[in-house]
Amino acid sequence: MDAAGLFRQMARARAFEDATSALWREGRISGEMHLGTGEEAVAAGVVASLRPGDAVALDHRPTPVLTVLGVDLAGMLAEMLGMESGIHRGRAGHMHLMSRTLLASSSGIVGSSAPLGAGFALAGRALRPGSVAVAFFGDGAMNQGMLLETLNLAAAWSLPLLLVCKDNGWSITTRTDAVTGGDPVARARGFGLETVDVDGGDVGAVAEAAADAIDRARNGEGPSFLRARVPRLDGHFLGDALVRAARSPAGDGRQLLGDVTSAALSRTGGGLGDRARSVVRLLDLMRRARREDRDTRHDPLERARSTVGQEVASRLEAEALAEVGRAVAAAGGAH
Amino acid sequence: MDAAGLFRQMARARAFEDATSALWREGRISGEMHLGTGEEAVAAGVVASLRPGDAVALDHRPTPVLTVLGVDLAGMLAEMLGMESGIHRGRAGHMHLMSRTLLASSSGIVGSSAPLGAGFALAGRALRPGSVAVAFFGDGAMNQGMLLETLNLAAAWSLPLLLVCKDNGWSITTRTDAVTGGDPVARARGFGLETVDVDGGDVGAVAEAAADAIDRARNGEGPSFLRARVPRLDGHFLGDALVRAARSPAGDGRQLLGDVTSAALSRTGGGLGDRARSVVRLLDLMRRARREDRDTRHDPLERARSTVGQEVASRLEAEALAEVGRAVAAAGGAH
Amino acid sequence: MARLEFGAAIDAAVAEAMARDPRVIVLGEDVHTLRAPLFARFGPRRVLSAPISEAAFVGAAVGAAMGGLRPIAELMLVDFVGSCLDSLLNQASKVEGFTHGDWKVPLVVRATCGGGYGDGGQHEQALWGLLAGIPGLSVVVPSTPADAHGLMTAALRHDGPVIFLEHKLLSRSWLEFLGAGGRKTVSFDVPPDGVEGEVLAGEEVPLGVAAIRRHGDGLTIVSLAVGVHRAIAAAEILAREGIDCDVLDLRSVRPLDRVAVVASVARTGRLLVVDEDYREFGLSGELAAAVLEAGLSPRFARVCVDGTIPYARHLEDLALPSVARIAEAARELARVSPDLPGHG
Amino acid sequence: MARLEFGAAIDAAVAEAMARDPRVIVLGEDVHTLRAPLFARFGPRRVLSAPISEAAFVGAAVGAAMGGLRPIAELMLVDFVGSCLDSLLNQASKVEGFTHGDWKVPLVVRATCGGGYGDGGQHEQALWGLLAGIPGLSVVVPSTPADAHGLMTAALRHDGPVIFLEHKLLSRSWLEFLGAGGRKTVSFDVPPDGVEGEVLAGEEVPLGVAAIRRHGDGLTIVSLAVGVHRAIAAAEILAREGIDCDVLDLRSVRPLDRVAVVASVARTGRLLVVDEDYREFGLSGELAAAVLEAGLSPRFARVCVDGTIPYARHLEDLALPSVARIAEAARELARVSPDLPGHG
Ligand SMILES: Cc1ncc(C[n+]2csc(CCOP(=O)(O)OP(=O)(O)O)c2C)c(N)n1
Ligand SMILES: Cc1ncc(C[n+]2csc(CCOP(=O)(O)OP(=O)(O)O)c2C)c(N)n1
Ligand SMILES: [Mg+2]
Ligand SMILES: [Mg+2]
């Protein structure tokens, strides 16, 4: 796909996330609303190589991929609004958006997209020769047993599967590397997988790497692991408490900081060093959360804009906005 | 520990396994009786570096390590005989032999020794500074999620833990490498662990490698992964159907071979190539099982015998036999 | 019509389905040996040996079912469900509900269950109550070769996830594999009618339909799997003492055949549950609720497993529902007179 | 005596225990932020942030408990127990039985549970019935800050594994974290008496003891967690209609306070179970068995969750036990007259 085509998909995905965010703020979407802002280049770049009969298994940030795949936007929005006109008549919600016809599923259980993707690959090999499956997940999911087992299963069964790790550095409020040994790519290689490491904010690079890996899978040459570094532009979920506290320490963060300070000064407790280590870690997390909050320098859309040129970009964005606007209206989102 | 000391422990462990085998044949031990014959060098070599306050988590072949650790042999035998005089009054049986005072546990769930060992290490670090924990498990367990997660947890928390993979090449009747991607050592390294690969039939090599790793753990330098290749001398468990079939294709194997042949010749089914692949694989497994059955060339006791000399070895073996004989009698095993 | 052993009856149903429908595949640990005839006949692409990764391969079976196959994932022992519960609790059982019926998961999880051969507390559990507590799953536990064959046939035609439990004491091959290991020096209290019997190829036993194994008006015994055979043996003793028992074989735990249970208990006024699963928060409680919800007020008792199953054979015998315990509980129940018929 | 929120009451009990006993540690995902005050006060060696590896860190908590610590493993949402069931089913719950009481596992697993904020079917389950079905575990589910504090205090003194479930609708911090996210545009049907209340430091609420929340002779409502508050609200409506209800708050699912349930039902002759867990094969069935085993024959009904919890708020309201459904079921029960007292 050409750069404009990729940008168009990214713009569509972003417009969808932005619309979701607005509806969430209005109180019309419930539960933990995880946006995929920052992951649009990965969604567009990978999906560009997919064909009918391929399958995707998604995690708790499914909407960019589903948008690019072509799931009905009004139906997805209506689903998130809990309406009977939703694609699952309001039964599933945003962590469980699926499409049987497009062979796309999502799940809110961290790591579960990997075995599901492996199963899609297995079925694809038997029923749709030449097809592939893709499993998307985060860096934190790389510590979940069922996913680790699947790295092995994919290699052992030589499945036509692409495992895509969207590495945003975070597991909710935990820096993933603080709870992880080694590096995701080396880890995947240790399971005998082909690996590739790309800048997930560079849609061209993602598209190229994914095309290679998917080609190999189609040709029966087995699975690959693709690590794509992505930014997390909107915190873990909308309303992320850590991000809000970091943004406004004297406002939303007041309670947390007050509680932490008085606890650290408690008469009984750990040694001074221990307490200091904790406080420093918490402040460091807030610093990072603040720095990354809506950091446009790493925004894949900003980066892609320069490739296609301002003019084309603006036109495509306007089209995307209009399309999503129509979907919002159709879903009954505007009121 | 000197070579004779190590040999003595190996001989004790072997004598215990042999006594167990005899009791099993007499029909006095129930359930799946997994022996640790072939693993004696690993047991003796690792335990040589342990001290009071250290802990071990074991899998379904716990007896060699427990014997070397010094658990009451008569009590263990009585437990396996299901007697009130057993160390757990007959409640636990051979897959769940434990010792609270020695901080040793075992479990029949593949992979579970790893998280339990990590927990022992955590408790040891907090309550018994300078202590270590060891988790023993097989090559097949390296594909179990909770174990894979623990490779990471151990590295991330820098636990004083030694992870010992007794690699016998088998997972029941499956060649582990047929269902495994990559290599166990590379895999462990991919989790950021220090690794060491030893000949698990060479007790001196095991003892040296384990001593190093355990030293480092004691000094707060974190966990290690030790892969020890071991032979499987008595099949997966006593009475292993594949081993029996391989040993006597016209006897114990007749049913299996007959069923397989008539199935392969069935009018409907897979293509010829598929059927042939299956049959070849089954025959190959039987060939291997037959070759490895009680293969003395790889027996760690035979190999250690030459190091200590025939005379010393015979004396130590006689002592071990006598000790275990007394334990059998005390347990009420002789009749 | 053929006389088959319990395990062979299941394998025959699987083979029939595999021959009929290329979407049926088998995956699990050691299936190349445990299902060697299927492996030899259908090849390694339809009988896939798995690593010891229950979460991955049962999870993959869910995905494969969503992707158009009809997989049978073999779990060896149901006790190992602790390693893959998520795939059943949050994936297989939820997809149909999430998609409001649009996407179904035609998956069979085949696992052995139960004790009676001295394998200890981590390897002899029943766990059908725990699994039946998950909406969206079906759970079947046959007691005869005919039912084993018929329920597997039905499970493979069903469009939702089915847990198929094979009691080791009924399955000679498993008992030989795990318990005897070629020894003539051990024996097990195996119910003959459960181990071998007539089987009709292609015949389906519908999910959720109980069978009456014995008729009597004094007391209803509801059971499943090995318990059914113990209950029948107890009923024969009891009959000689003047206590006539209905023996109901549930066959399916979920869906539960409430109608059959209620019909029998309405007649007898006494309900004795014989359940090899843990006593509390499971099947026996659900049966109590079923009769109360139907407005009945029977005398009620249950013979179940109370805690971790002990390893020692003599302790295990005491822990599992035995003929003696069933007869004892039945006599106790028969002593007090019930209200008949159920009011309300 | 202090007025505390539900979540703060639990944290206070944890802090008291940690200050008193250096063996108490906390481990789990994001505990450095979710328990930031504990983290700041006791340091990263006693409040350990874990990777998303429930099987490893809950399993490690079992080992740590066997090794001499008294860990609290936080599971975030109880729905994630699917990823670590083995550590509870086959390890934590079995060690004491295997060793005939010699080796105990003083472990607390703290997890949130329950729905009412539109998070969908994988994130709002109760699952206390499933967990209570495992012998060797205790399962507690408080409904007030005082009980939350007292039960956590008891759990931390208990020598066996305890599952401590914290209902998200009662816990303002969790509801804010998962549901509101700083918005003023959403609201939840939060029971005020569950959310904030008086708490006595150091006071223990023993495991296995129910509390009577309201007295009445016409009908017994047995519930727990949010259900208790819904039941009380329903009872107030019913009282105006002439139906007087006992409302029993179980507080512990296992051990179950059978004595309290039986005493109340013996008096009222009617049992209504209000249970946010799945209807079948769980707590409500066990309560039916408890009263039948006691020889009672009450009118019985239950208001539970029937299947996968739907995402849409209005559908979720219909799926979870509501005041309206409880009142309706109670009226139905009150219409038929019971046998009093229980015979047998
Ligand atoms: C098994 C399981 N454990 C914990 C959670 C709670 N949880 C939801 S998202 C998340 C973080 C996931 O991190 P990552 O995989 O890196 O994805 P990201 O959110 O960073 O995109 C966690 C811990 C869950 N949903 N499932
Ligand atoms: C979770 C789980 N899955 C399956 C089994 C059945 N099982 C018992 S031993 C074994 C093979 C283990 O292989 P490995 O870890 O290499 O140990 P080995 O028996 O070769 O010493 C299996 C699959 C089990 N006990 N637990
Ligand atoms: Mg992440
Ligand atoms: Mg092995």
Side-chain angles (χ1 to χ4, degrees), chain C residues 55 79-90 93-94 96-98 120-122 125 127 129-130 132-136 253-254 256 271 273 277-293 295-302 305-308 310-311 336 339 343-344, chain D residues 55 79-90 93-94 96-98 120-122 125 127 129-130 132-136 253-254 256 271 273 277-293 295-302 305-308 310-311 336 339 343-344:
Chain C
D79 313 67
F80 307 154
V81 75
S83 298
C84 60
L85 186 71
D86 184 71
S87 59
L88 304 177
L89 173 66
N90 289 322
S93 64
K94 297 277 192 286
E96 185 170 344
F98 281 155
Q122 278 177 341
Q125 299 172 92
L127 300 185
L130 184 148
I134 301 174
V253 183
R254 184 178 192 122
L256 186 62
L271 170 59
V273 180
D277 203 352
Y278 297 124
R279 173 188 298 269
E280 299 183 30
F281 304 95
L283 170 60
S284 58
E286 188 59 27
L287 288 163
V291 293
L292 278 178
E293 281 180 324
L296 305 177
S297 339
R299 306 294 106 232
F300 173 84
R302 44 185 173 171
V305 171
D306 276 309
T308 296
Y311 162 81
V336 279
D339 303 336
H343 42 207
Chain D
D79 313 67
F80 307 155
V81 76
S83 298
C84 61
L85 186 72
D86 184 72
S87 60
L88 304 177
L89 173 67
N90 288 321
S93 64
K94 297 278 191 286
E96 185 171 345
F98 282 155
Q122 278 178 341
Q125 299 172 93
L127 300 185
L130 184 149
I134 302 174
V253 183
R254 185 179 191 121
L256 186 62
L271 170 58
V273 181
D277 203 352
Y278 297 124
R279 173 187 299 267
E280 298 183 33
F281 303 96
L283 170 61
S284 57
E286 188 58 27
L287 288 164
V291 294
L292 278 178
E293 281 180 322
L296 305 177
S297 341
R299 306 293 106 233
F300 173 83
R302 42 186 175 172
V305 171
D306 276 307
T308 296
Y311 161 80
V336 280
D339 302 335
H343 42 209

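Side chains included, hydrogens not; waters and symmetry mates left out as well; all remaining heavy atoms used. In what follows, chains carry the letters A, B, and so on, assigned in the order in which the sequence lines appear, proteins first and then strands, with residues in each chain numbered from 1.
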Using the side chain to side chain contact (heavy atoms under 4.5 Å, CB included) criterion, which residues pair with D:Ser87? Sequence neighbours excluded. D:Val58, D:Val62, D:Cys84
For D:Leu127, which atoms come within 4.5 Å of any heavy atom of chain C: side chain, backbone, both, or neither? side chain
Among [options], who wins on heavy-atom pairs under 4.5 Å with chain D?
| options | answer |
| --- | --- |
| C:Ser83, C:Ala290, C:Gly121, C:Gly97 | C:Gly121 |
| C:Ser93, C:Gly282, C:Ala55 | C:Gly282 |
| C:Val273, C:Val253, C:Leu287, C:Leu256 | C:Val253 |

How would you list, by chain and number, every residue that makes a salt bridge (charged side-chain N to carboxylate O under 4.0 Å, His left out) with C:Glu96, sequence neighbours excluded? none
Pick one of side chain, backbone, both or neither for [X], based on which atoms fall under 4.5 Å of a heavy atom in chain D.
| X | value |
| --- | --- |
| C:Ala132 | both |
| C:Asp277 | neither |
| C:Val291 | side chain |

Would you compute the distance between atom [atom1] of [X] and atom [atom2] of [Y] and round it to the nearest 0.5 angstrom?
| X | Y | atom1 | atom2 | result |
| --- | --- | --- | --- | --- |
| D:Lys94 | C:Gln122 | NZ | CD | 7.5 Å |
| C:Ile134 | D:Glu280 | CD1 | CD | 12.5 Å |
| D:Leu130 | C:Leu85 | CG | CG | 6.5 Å |

I'd like to verify something: which residue of D:Val305, D:Thr308, D:Leu271 has the highest number of heavy-atom pairs under 4.5 Å with chain C? D:Thr308
Locate the shortest heavy-atom distance separating [X] from [Y]; write the atom from each residue and the value.
| X | Y | value |
| --- | --- | --- |
| D:Ser297 | C:Ser297 | CB-CB, 2.9 Å |
| D:Phe281 | C:Gly129 | CB-O, 3.8 Å |
| C:Asp306 | D:Pro135 | O-CB, 4.1 Å |
| D:Ala289 | C:Gly285 | CB-CA, 3.9 Å |

Main chain of D:Asp79, side chain of C:Asn90: is a donor-acceptor contact present, judged purely on distance under 3.5 Å? yes
